[in-house]
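Report on one structure; see the data block that follows.
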Amino acid sequence: MNMKRIDILVRKIFRISEYLIPFVISILIGITIMAFTSGNFVESLDAFFLKPFLNEYFIGNMLSGSIPLILTGLAAATAFSSSVFNLGIEGQVYSGAFVSTLIALMLPDQNRWLVWILALFSAFVFGGFIGGISGFLKNRFKVNELISSLLISYSITLFIDYLLENPFLDAGSGLISTATFEDSYMFPKILTPSNLHCGFIIALIVVLIVYVVMKKSTFGFSVNLMGKNTCFSEYAGINTRKLTMTVMVLSGGIAASAGMIDVFGVQGRVIRGFSSGYGWNGIAIALIARNNPLLVIPAALFFSYLDAGAATGALFSDLTPEISRIVQASIFYFITASFYFKFDRKDMKI
Amino acid sequence: MIFDTIISVLISTVSVTTPILLAATGGMYTQTVDELNIGLEGLMLISSFFSIYIFSISGSVLTGVITGIAISVLMSLSMILFRIKLKANIFILGLATNLLAAGLVSFFGVKLLGSKGTVIFGDLSKTTFLLYPLRNQLDFADSFFGNISIFDFMAFAAVGISQYIIFHTSTGIRMRAVGLSKKTAVSVGINTDKNKIMAYMFCGIFCGISGAALSIPVNSFAAGMTNGRGWIALVAVILGRNNPVGIMFAALIFGFSSSLSNILQTGTEISPKILMIIPFMVTLFALIFSSISKNKGKGV
Amino acid sequence: MKSIHCNENSLIIELENIDKVYKANGAHALKNMRLVVKRGTVHSVIGENGAGKTTLMKILCGIEKEDSGIIKINGQNVKISNPSDSYNLGIGMIYQHFRLIEEFTVAENILLGDELPAEVFFLSRKKRKRKIEKLLEDTGMVLEADKKIFDLSVGEKQIVEILRVLNRGAEILIFDEPTAVLGEIETKKLFQLIRNLKEKGKTIIFISHKLREVKEISDEITVMKNGSAVFSGSIDEFNLDFLSSAMSVGDFELKEGCEELPDENIMVIRDLKVIGSDKKTSLSGITLDIKKGEILGITGMSGNGQNVLAETIMGIRKTNSGEIFFKNTDVSGMTIRERREIGMRYVPEDRLKEGVSLESSIAANLVADKIHKREFTMNGSCSFLKLIKVNHVESYANFILKEYDIKCPDVKMPVGMLSGGNIQKVVIAREISDDSEFLVICEPTRGVDLNSTKFVYKKLLEMKKSGFTILLFSSNIEEVLFLTDRISVIYEGKLSEIYRNDKNLDLEIIRKKIAGY
């Protein structure tokens with residue numbers, strides 16, 4: 001019994017350390033680049049790695065930056081854990097932001113709770129609908145959802161660009177964006193003067209709900225089974241078509257909620273192209289978190305920490321902010337190596 | 001008037017098709033060995049940056065293109081080596097390549113060019129790569145070939161070369177064998193890893209040219225230069241069903257609908273953004289129809 | 001190598017102390033295996049399924065690597081680390097499951113892997129065709145070089161495999177269960193071919209578990225059991241009885257007779273038509289009655305529509321026309337889950353792909369089809385809110401593990417860490433350990449070790465006793481003869497008439513039907 005426990009512990013340590021290696025390598029790559037590009041190495045290390053924790057303002061912004069990453073990461077993780085690939089997250093975020101902003105603009109002087117709930121709901125439904133199209137195309141015509149979601153996302157993005165440039169353009173703002181809705185509809189701020197807002201708490205709650213559903217419910221059981229072996233789950237009696245559809249709708253809905261929360265927390269309007277890059281970052285985070293909803297939080301915080309480090313690095317030293325993107329991408333690259341780790345040691349066999 | 005329109009549609013079709021066709025041809029090799037590379041976008045992006053940058057320094061198109069190809073091949077090979085040596089998932093490696101390329105390009109953009117936005121290399125001579133020898137007295141040929149760059153020529157040549165490689169050389173037959181039945185390939189003594197590496201090398205080469213074809217003809221570079229073309233190329237690979245000629249037609253469908261949307265942008269009042277949706281929708285519908293015809297009559 | 005000509009009876013292959021453990025499932029396939037083959041002989045290697053014959057041959061072909069031991073070819077120590085090494089040593093294998101590319105032509109398949117250096121630049125179809133024609137002329141075989149493989153008969157496909165290794169200059173030809181896929185006439189042709197090859201000085205290794213054939217064709221024989229050689233010597237030294245007791249696994253013999261079957265049909269299939277992936281696997285009008293409480297065996301070479309039929313019965317494939325009744329209910333419009341609800345169960349052929357989810361835990365695999373049932377979940381109106389009682393699932397899983405004698409420390413471990421035999425036990429346990437009464441089971445012992453095979457047979461016969469009806473798909477005819485009450489043969493999507501499995505059963509008819517006559 002004791003041996004067994006030690007064995008399990010050893011395996012766990014092995015797994016965790018294996019998981020951490022990519023992070024260590026990537027940060028080392030980042031440090032190496034800093035050493036070559038920076039005039040004052042020590043100063044830039046400090047600026048990049050420690051300055052994000054300098055005061056409440058930086059910490060708040062770092063946390064605020066993680067909100068859309070958490071939600072898009074969650075959207076991707078939900079889809080990926082069932083082996084359904086939603087690459088249209090960016091368009092879904094954009095359309096969620098747009099639809100929810102429309103609701104807020106159309107309903108002035110209302111109870112803010114009513115507006116929030118309506119906006120979140122309609123964003124979710126619209127995003128879910130967009131995701132659902134890909135689910136439908138996959139079920140009905142066997143069109144690869146990876147490609148269809150991407151093509152639809154491009155189209156939706158262009159369409160919303162058009163709406164922002166023409167019918168909904170707020171000419172006075174100087175930006176290509178909608179009008180700003182009233183301040184009372186904005187989420188309350190935390191840690192002012194930073195950008196952090198109550199959306200952070202919503203994001204955490206959503207993570208928790210998704211975690212419970214994915215890990216504890218029969219729905220989550222089916223999703224995981226399908227993700228690990230679609231063919232088998234079908235044999236075991238799971239309706240994979242229905243599940244594919246549900247998952248695409250959920251994933252699209254969560255992504256669209258990210259758009260709504262970003263708009264109501266930070267900008268108060270939709271600015272053209274604001275969601276650019278959200279989709280790919282979300283996918284990266286889901287993969288780093290290995291599709292585990294809870295691990296999405298640290299993964300998103302880490303990404304946002306690197307972004308914050310890039311910002312403070314540029315502010316307090318001579319670093320190029322793009323270093324963070326190289327570190328992010330190389331983590332991603334190295335994590336792939338151990339991603340599909342198989343048990344090929346014979347002593348672990350029974 | 002109509003004549004001019006036809007010419008301009010043709011020219012713009014070809015110029016839109018070129019980078020997509022090149023990248024799709026590269027992607028086809030990886031599909032042939034059954035390890036589809038979804039990192040085409042990243043390979044194109046990295047090459048489009050370095051080829052124009054080296055071109056601007058050296059003044060030689062050839063040096064620029066070769067550098068672009070070399071870097072693209074390097075990234076492509078590192079993908080397949082990660083796949084073979086570390087058993088990494090090729091799909092995730094593709095996504096990683098796209099992200100890494102975007103990161104590298106924005107980093108080097110700032111470091112080397114000092115700008116994150118669009119950089120225009122205005123003083124470079126544009127005419128060096130035009131196909132003057134093909135010009136002649138005919139109006140049509142004059143106005144058509146006068147606007148065809150060496151890259152357009154290379155894209156369609158790539159189709160012919162690939163058709164030849166895939167179906168008429170031992171390399172091609174081995175790559176196809178690896179993709180069709182890995183077991184058979186192994187048991188007749190074919191080195192599957194070697195063939196996969198070969199396929200990724202070809203992929204790197206064609207994506208490298210494709211990237212150069214984006215930046216060099218317009219003498220500029222922007223971080224969003226590829227703008228989803230790598231993904232469209234992927235659609236072309238799937239639509240073309242592993243056949244270079246099929247892929248060419250798939251890429252031409254996108255190219256033609258894009259050029260139609262370009263023409264309509266100048267000729268009508270419709271918003272350009274709306275018109276830009278056309279090629280994506282056309283591609284999506286092509287995908288749907290292709291899927292329908294492929295699955296016709298099958299059970300399940 | 002090939003040019004070395006020693007005296008007639010020199011040893012061409014000497015294997016000493018070969019040991020092999022499969023890392024993937026921990027199976028000890030070969031233990032201290034010894035094999036000595038004389039030049040110019042037909043040497044049979046026999047033994048039951050799972051005795052290690054195929055592993056041994058894979059080592060000779062460079063597909064698997066031995067853990068330890070010595071390999072000598074023509075008296076010289078050699079290392080075979082990949083298939084090319086094996087070809088260079090003059091060893092060629094004819095696989096039971098042909099290693100051919102269906103989309104390629106005969107010529108392309110024969111020359112695959114043997115392309116000339118110059119062909120990197122251009123591959124001349126004409127030259128290749130001429131090469132094949134010369135090869136055909138030399139060997140006296142008949143084939144069309146430009147035909148695609150999927151247009152060939154099974155016998156022709158085998159010839160393509162033989163030509164491939166001859167083209168590579170093979171001196172030693174290994175035939176892995178070559179007659180398993182052949183009819184009587186084709187078998188005779190093959191034996192003639194093997195004799196011709198022997199006359200030309202080739203050495204043949206013939207792997208089989210059909211004693212009659214072994215007696216007919218071979219000069220020498222090695223009997224394998226549990227990964228080692230138990231006997232070796234000239235064929236004349238052994239008689240058939242002795243051989244079969246040496247191999248002794250189970251008493252695979254014709255049954256004395258089978259009990260009277262009830263008239264009640266549990267399943268009735270009428271004129272079932274399903275389009276498969278190609279013509280051979282499409283079902284063209286299947287009509288079948290399955291009686292309550294029987295084991296009905298459907299045998300035939302794999303790839304003749306068995307999987308399509310099994311999958312259609314379970315609802316994984318849609319029917320194009322025809323009807324399937326289960327207990328007088330038309331099930332053809334039902335989903336898989338609905339069919340499971342009324343008592344239909346399924347063990348697919350490809351267990352690792354379709355029978356389990358390797359990365360999921362043992363517990364999850366055991367309850368995969370019944371997780372929504374009340375005993376495992378708390379109340380909840382929809383699947384999002386229906387929470388799983390984890391401890392109930394785990395205690396159920398532990399109970400099953402004990403019942404089926406599957407040893408593992410933790411039910412939370414992924415199924416992929418179990419051996420092939422234990423995985424099969426997990427699949428069967430899931431499918432029969434609740435109130436079901438009808439089981440479709442495909443190739444239940446393929447790739448399963450001996451002990452688990454015995455366990456599976458015992459379990460299936462037990463189930464029959466307790467009133468289960470079993471539809472068994474198996475290409476292993478001994479297995480079908482051993483287990484079933486009635487037998488039908490499937491060939492190119494059509495079923496033969498049903499034969500009662502008793503002493504009046506004519507095995508030759510079954511063999512002919514299998515070959516499509």
Side-chain angles (χ1 to χ4, degrees), chain B residues 28-29 31-34 84 87-89 91-92 160-199 201-202 205 241-244 246 291-300, chain C residues 58 61-64 82-88 92-95 97-105 107-125 128 149 161 164-165 167-168 176 273-278 281-283 308 311-312 315-320:
Chain B
M28 180 209 63
Y29 286 91
Q31 171 85 326
T32 300
V33 294
D34 203 19
I84 292 169
K87 305 270 177 287
N89 177 307
F91 167 73
I92 297 168
I161 291 169
S162 298
Q163 184 83 13
Y164 180 81
I165 291 177
I166 293 286
F167 295 106
H168 298 279
T169 70
S170 59
T171 313
I173 210 165
R174 287 175 184 202
M175 284 198 284
R176 278 192 295 148
V178 170
L180 287 167
S181 167
K182 203 181 160 212
K183 265 188 173 177
T184 303
V186 169
S187 60
V188 297
I190 292 175
N191 184 338
T192 53
D193 290 347
K194 194 179 121 191
N195 279 281
K196 285 179 184 175
I197 291 170
M198 193 97 85
M201 195 191 72
F202 279 122
I205 292 173
R241 292 183 203 166
N242 254 7
N243 184 319
S291 272
I292 291 174
S293 72
K294 198 159 93 188
N295 297 313
K296 213 179 225 172
K298 277 198 187 157
V300 185
Chain C
K58 280 184 176 165
C61 292
I63 287 175
E64 296 287 348
N82 58 48
S84 295
D85 286 356
S86 161
Y87 278 118
N88 292 337
M93 174 125 158
I94 288 89
Y95 293 86
H97 303 285
F98 301 134
R99 301 275 168 102
L100 297 172
I101 292 176
E102 297 274 322
E103 294 85 348
F104 281 11
T105 64
E108 282 168 334
N109 268 289
I110 292 175
L111 298 176
L112 192 61
D114 191 35
E115 290 83 10
L116 302 170
E119 286 175 337
V120 169
F121 301 107
F122 183 65
L123 216 137
S124 159
R125 296 244 152 99
R128 287 161 71 88
I149 295 299
E161 287 237 326
R164 179 195 280 159
V165 300
N167 172 55
R168 294 287 192 92
D176 184 14
K273 287 188 178 131
V274 181
I275 294 168
S277 53
D278 57 45
T281 59
S282 298
L283 307 181
V308 176
E311 286 174 8
T312 312
I316 294 150
R317 278 173 189 272
K318 286 203 180 80
T319 57
N320 290 59

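In the text below, chain A, chain B and the rest are named by the order of the sequence lines, each starting its count at 1.
In terms of heavy-atom proximity, Y95(C) sits nearest to S187(B) at OH-CB, 3.2 Å. Nearest approach of K183(B) to R99(C), heavy atoms of both residues: O-NH1, 3.7 Å. Here the closest non-hydrogen pair linking F167(B) and R125(C) is O-NH2, 3.1 Å. Shortest non-hydrogen contact noted between G189(B) and S84(C) is O-OG, 3.1 Å. Between L123(C) and T169(B) the shortest heavy-atom distance is CD1-C, 3.0 Å.
Judged as a ring pair (Phe, Tyr, Trp, His ring centres under 6.0 Å), and not counting sequence neighbours, the contacts of F91(B) are F85(A).
Annotation: F122(C), atom CZ; neighbour count of heavy atoms from other residues, nucleotides and ligands within 6.0 Å is above 12.
The main-chain N or O of I101(C) is never found under 3.5 Å from a side-chain atom of S181(B) such that the two would form a donor-acceptor pair. One N or O on the side chain of R168(C) and one on the backbone of V188(B) form a donor-acceptor pair closer than 3.5 Å.
Neither the backbone nor the side chain of D85(C) comes within contact range of chain B, judged by heavy atoms closer than 4.5 Å. At a 4.5 Å heavy-atom cutoff, the contact between L180(B) and chain C is made by side-chain atoms alone.
Considering OG1 of T184(B) and CD of E102(C), their distance stands at 9.0 Å, rounded to 0.5 Å. Within the model, atoms CD of E115(C) and CD1 of I173(B) stand 6.0 Å from one another, a figure rounded to the nearest 0.5 Å.
Looking only at heavy-atom pairs under 4.5 Å with chain B, the residue among N82(C), L100(C), T312(C), I63(C) that has the most is L100(C).
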